[in-house]
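Worksheet: the structure to be examined is printed underneath.
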Amino acid sequence: MAWFQKLTIQRKTKFTVMIGILIFILFFVWLMLSRGKKELEWSPSTVLEINSKDYYIFVNPKDAYSHIALNKSKLVSPESINQHACDCKIDGDKILVAYINSKLPNELVFKVIVPDNLPRRVVLETLSDKRIRNGAYPKIYISDEAYYVLSGVYLYKINKIDFQIEQIQMERNETPLITSDDRVFLRRGEFLTLLQKDSHDEKILKLDSTDRVSGWGIEGKTVLLNKGNTEELVSLKDETPVKLRTPSYGILNVIGNIGHLAIVQFYHKNGEVPICDPALGAYSFIDGIDYWYYRPYLYDVEQNKFYDIPDEIKKLYPNKDDALTGYCAPANLKQIEAELHQYLEK
C-alpha cells in the first residue's frame, strides 16, 4: 500500500505541475495577444508640447508628427522672463504666451501673437514678491469663448473678442477643470463645483480634504483625482472609482490632458529614484512597457490602458529636463511656420 500511495502522490504532483504550466502558457499567450491589440488613437485636435530651456516644440501627432519650435526670448521680446515663469500654447493661427516679466515690480502678462497684426498684450496683475514665492508660474487653458491663465490660486478668464478680464480665486493651488464650451469646475469646500454666472453654483462631486484634482478623464464625464498614495478615475455620474497604476514608493501624477488620453508620470515620494520598484516591475511585465520614475506615459481613459510615448516624440526631447504636456485645440502649425517665422527657433 505504501508504494501505491507514493505513486498516487507523485501523479497528483505531476498533474498539479502540468496544470500550473498550462495556466502560465495560457496567461503568456493572452498577454502577447492583448499587447498586439493595443493601437494608440489620438484625439481630434491633439497638440503635444515639449517645454525645453530656451524653446517650445509643438507637435501634431495626426499629421505624421509634424512640428515647429518657438523661441521663448523672441516670444516675449523686448521683455525677458523671470525665472522661467512662462507658458505657451497655439490656438489656430495664434500664439498665446503667458509669462512673468523681469521688470520691478513683476507683472503677469498675457500676449496673443497673430499673423499680419501687432501682438495684443495685457497685464493681468502686478505681482508681489510673496505671490511669486508662493508659486505664480502661469499655465494657459483654451475654451471656445475664452482663454484662461492659472497663476497660483488665481484663475484669469480673458474673453477672446474684447479681452475683458475676470479674476476667479480658487481655494487651493490645483488644476481647474475647464470644458471646451466654457464651463469651469473648481473645488468649493467639500465639493467639486460647477461655477454658474448667477452665483448659484452646482455641487457635482464630494471630495475628501486630502483629494487633489489632477485633471479631466473624459471632459465633463470623469475626473482624475489624487488620493494621496493612489490616483483614481472617478465618474461624475455615479462616482464609480477606477484605480490607476501606482508605484511601490511613489505616486502617479497627471501632467497633460488630451481628449481621452492623459499624459502621466510616476514620481517618488521623496524626489529620489530607487534601485528597483516591485509594482512598476510587475506592471512592466504585464503591459510590455518599460515603466520607471520621471518618464512620461500615455493613459487611455476609455480603455483603461497605458501606452509608451511614441519614438517620434522621444526623438524630439533627448534632454531629460525637457517636459512633455499636451492639450486639445486647433493648431495650424504650417501657417504659423510660414507667417510667424520670426518667432521660430533657428
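This one's a predicted model, so the numbers in the text were calculated from it and none came from an experiment.
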Do [X] and [Y] have side chains that get closer than 4.5 Å, going by heavy atoms?
X	Y	result
D91	V112	no
S151	L124	no
L194	F185	yes
K160	I142	yes
Y283	D277	no
I251	E231	no
Y99	L75	no
I289	S284	no

Can a donor-acceptor pair be found, under 3.5 Å and without considering hydrogens, that links the side chain of [X] to the backbone of [Y]?
X	Y	value
N106	K103	yes
E219	S180	yes
S128	R131	yes
D63	Y65	no
D300	Q303	yes
K62	P44	no
H67	L48	no
Y327	I90	yes

Is the centre of the Y307 ring less than 6.0 Å from the centre of the Y297 ring? no

Is the Y147-F110 ring centre distance short of 6.0 angstrom? yes

Measure across [X] and [Y] and return the closest heavy-atom pair with its distance rounded to 0.1 Å.
X	Y	result
P138	A98	CG-O, 3.5 Å
N173	G135	ND2-O, 4.3 Å
L186	P176	CD2-CB, 3.6 Å
G92	I336	O-CD1, 3.9 Å
L252	R245	CD1-O, 3.3 Å
C86	Y137	O-OH, 2.9 Å

[atom2] on [Y] to [atom1] on [X], rounded to 0.5 Å:
X	Y	atom1	atom2	result
N60	N332	CG	CG	9.5 Å
R188	L195	CZ	CG	5.5 Å
L340	L70	CG	CG	8.5 Å
I68	Y343	CD1	OH	13.0 Å
L224	R212	CG	CZ	10.5 Å
Q335	K94	CD	NZ	9.0 Å

We want to know whether [X] and [Y] form a side-chain donor-acceptor pair, criterion being a heavy-atom distance below 3.5 angstrom.
X	Y	result
D201	Q196	no
E107	N101	yes
D322	S52	yes
D87	Y141	no
D238	T240	yes
Y299	N304	yes

If you count the non-hydrogen atoms of other residues, nucleotides and ligands that lie under 6.0 Å from [atom1] in [X], is the total more than 12?
X	atom1	result
Y55	OH	no
Q83	CD	no
E190	CD	no
E312	CD	yes

Would [X] and [Y] pass as an ion pair if we require N to O under 4.0 Å?
X	Y	answer
E79	R121	yes
K206	E239	no
D211	R187	no

Can you get from [X] to [Y] by hopping between Ile, Leu, Val, Met, Phe, Trp and Tyr side chains that sit under 4.5 Å apart?
X	Y	value
L236	I218	no
I263	V59	yes
L96	I81	yes
I95	V47	yes
I178	L205	no

Decide yes or no on side chain to side chain contact (heavy atoms under 4.5 Å, CB included) for K227 and T246, but give the supporting numbers first. CA-CA 11 Å; K227 308 285 287 186; T246 304; over 6 Å; no

Option passing side-chain contact (heavy atoms from CB on, under 4.5 Å) with P119 (candidates V76, V97, I113): I113

Quick check with a 6.0 Å cut-off and a 45 degree axis cone: is K269 positioned over the face of Y249's six-membered ring? no

Per the ring pair (Phe, Tyr, Trp, His ring centres under 6.0 Å) rule, which among W292, Y291, Y293, Y294 passes with F266? Y291

How far apart are the C-alpha atoms of C328 and I258, what are their side-chain angles, what is the distance that settles it, and do they pass the side chain to side chain contact (heavy atoms under 4.5 Å, CB included) test? CA-CA 5 Å; C328 285; I258 40 179; 4.3 Å; yes

Under the criterion side-chain hydrogen bond (donor to acceptor under 3.5 Å, both in side chains), I'd like the reasoning laid out for T210 against D208: C-alpha separation, chi angles, the key distance, then a yes or no. CA-CA 5 Å; T210 56; D208 293 336; 5.2 Å; no

Would you sort out whether T222 and V242 count as a side chain to side chain contact (heavy atoms under 4.5 Å, CB included), showing the intermediate values? CA-CA 10 Å; T222 55; V242 175; over 6 Å; no

Stepwise side chain to side chain contact (heavy atoms under 4.5 Å, CB included) test for L177 and L192: CA-CA 9 Å; L177 301 177; L192 180 67; 3.9 Å; yes

Report the C-alpha separation of D181 and R183 in whole Å, then their side-chain angles, then the decisive distance to 0.1 Å, and conclude whether the salt bridge (Lys or Arg N to Asp or Glu O under 4.0 Å) test is met. CA-CA 6 Å; D181 60 359; R183 290 178 294 157; 3.3 Å; yes

